[in-house]
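Atom set for the values below is all heavy atoms of this structure, side chains included, hydrogens, waters and symmetry mates excluded. Numbers here are sequence positions counted from 1. Both counts, for ligands and for their atoms, begin at 1 and track the order of listing.
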Amino acid sequence: MLDVLTQKVHDESRQGEAYAPFINDPAQYQKKFYIESYGCQMNFSDSEIVASILYNTGFGATRNAEEADLVLLNTCSIREKAEQTVRKRLTEFRKIKSAKPGLLVGVLGCMAERIKSKLLEEEQLVDIVVGPDAYRSLPGLIEEAEGGQKAVNVLLSREETYADISPVRLNSNGVSGFVSIMRGCNNMCTFCVVPFTRGRERSRNAFSIIKECRDLFDRGYKEVTLLGQNVDSYYFTPEATDNNAGNGAVTFASLLEMVAQISPLLRVRFSTSHPKDITDDVLYVIKKYENICKYIHLPVQSGSTRILQMMNRTYTREWYMAKIDRIREIIPGCGISSDIIAGFCTETEEDHRDTLSLMEYSGYDLSYMFFYSERPGTLAQRRYKDDIPETVKKRRLQEIVDLQNRLSRQSNEKDLGKIFEVLIEGNSKKSDQDWMGRTSQNKVIVFSKKSAGCNKGDYVKVKVTDCTKATLLGELL
Ligand code: 5AD
Ligand code: SF4
């Protein structure tokens, strides 16, 4: 069994997660695939679509790369480090391949899109390269590769949303599931490679989204997270052929409401929101439904208006602050988190201090923090010089991390003595005597199981008795 890598990119501990669902018995399949995922939640969700396509092609999943006939890496290009990790991983697969010559190795996702044929030339062991919009062609590509040819499809699409493919839930806790509602991004933040690797923004058919969420609920899931690069710009117009046509266009606010109405026992989350697109309509829908979680991930990226402009974020520092005020006004007690980049091109100490003061103003419960990593082909790479020395970037990042640690601790201390409704996700990492769950505000809370007969997937009331900067500790009521 290969080690599961842990690297602090996007979704903390999940980087390099290898997965296979327990429900499918690999023995019933003649061929086996192994898939490992990197990057954002969207990529993890894509791996579930890939798994579904592969099952229909006669492949069963395995968690053990050594017994696989097909090894896939679903890759991320967002920072250089993410790409380096994957390259290193590929060299490790070289060993497995030399022991098993028939083994096929495929690279999926953003790196496949970004460096296409370079992967085939440089990484001699790669047989298949497939971009994020071309997963339907995998069966044909595998066949080509089995015939000894290199197989590539990195075409981007304006339509593909995989709406009709039921994802196979891989590594799910059976309580919370991810549902992709749109693909691509049109924002063109200058630092970001996503618009180039995942293509134009398109929204998935609202009715297929509702169906997928309802199916999850019927199968016992208690929480869905609606995923997209910029969920607030979701916009779907039903076609004349759709059964439900005539209801008019579906915005993110109306989609959220439709999902919330599936059942009061189904929690709804969403990610990611762009500050420029989150409307009052959305905030009022969040307020109206108890089961829509009071938590918004609202990346600021920088606290300096000058840097925000260079990043093409299309808002100013003051505009962002007003958005924070609006959220706090409409949804008191809402959890808010952010993404922050340290050391973007030309950033001065004053710009950096603006970021620190804006973090303080926003009082984030949590942030994902990065130093700027120049990506080939992005607007920033073409327009600006990556002129902040790495030592300065890292020092600024450390100051940002230290401040966030203090803010997270303060935010947790404010919860001491309060009672929250918690959805139990499973055993705590440290002890099977303790449950781990989340509050509506997305805070992780750990509490003793006691003798009470509750189960994974139950809603319980928990009183906060203690905390660290990352976790609340509580007592079951
Ligand atoms: N360098 C550093 N961080 C980046 N992000 C996106 N592109 C870059 C880059 N080139 C961060 C942003 C984004 C998150 C997903 O990754 O903060 O919101
Ligand atoms: Fe990248 Fe900006 Fe789109 Fe997010 S919103 S994926 S940061 S371009």
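- Within the model, atoms CD1 of Ile307 and CZ of Arg313 stand 13.5 Å from one another, a figure rounded to the nearest 0.5 Å.
- Between Glu374 and ligand 1, no pair of N/O atoms sits closer than 3.5 Å.
- In the model, Lys294 has no side-chain atom that pairs as donor or acceptor with a side-chain atom of Thr439 under 3.5 Å.
- For the residues Val194, Ile78, Asp339, the heavy atom positioned nearest atom 18 (O) of ligand 1 is part of Asp339.
- For OH of Tyr235, the number of neighbouring non-hydrogen atoms (other residues, nucleotides, ligands) closer than 6.0 Å is 12 at most.
- Applying the 6.0 Å contact sphere to CD of Gln261 captures more than 12 heavy atoms from other residues, nucleotides or ligands.
- A cation-pi arrangement is found for Arg79 relative to Phe370, the charged atom lying closer than 6.0 Å to the ring centre and inside a 45° cone about the ring normal.
- In this view, Lys414 satisfies the side chain to side chain donor-acceptor pair (under 3.5 Å) rule with no residue, not counting sequence neighbours.
- Contacts between Phe191 and ligand 1 below 4.0 angstrom, taking non-hydrogen atoms only, involve backbone and side chain alike.
- Near Arg375, the atoms of ligand 1 lying under 4.0 angstrom from a non-hydrogen atom of the residue are 10 (N).
- With ring centers used as reference points, Tyr368 lies under 6.0 Å from His297.
- Within the protein, the N, O or S atoms sitting under 2.8 Å from atom 2 (Fe) of ligand 2 are Cys189 SG.
- Atom OG of residue Ser428 and atom CE of residue Met436 lie 8.5 Å apart, to the nearest 0.5 angstrom.
- Heavy-atom contacts of Gln301 reach the following atoms of ligand 1: 12 (C), 13 (C), 17 (O), 18 (O) (cutoff under 4.0 Å).
- Using a 4.0 Å cut-off between heavy atoms, Tyr368 makes no contact with ligand 1 at all.
- Near Ile341, meaning under 4.0 Å from any of its heavy atoms, are these atoms of ligand 1: 3 (N), 4 (C), 5 (N), 12 (C), 17 (O).
- Counting heavy atoms of neighbouring residues, nucleotides and ligands inside a 6.0 Å radius, atom CZ of Arg158 does not exceed 12 of them.
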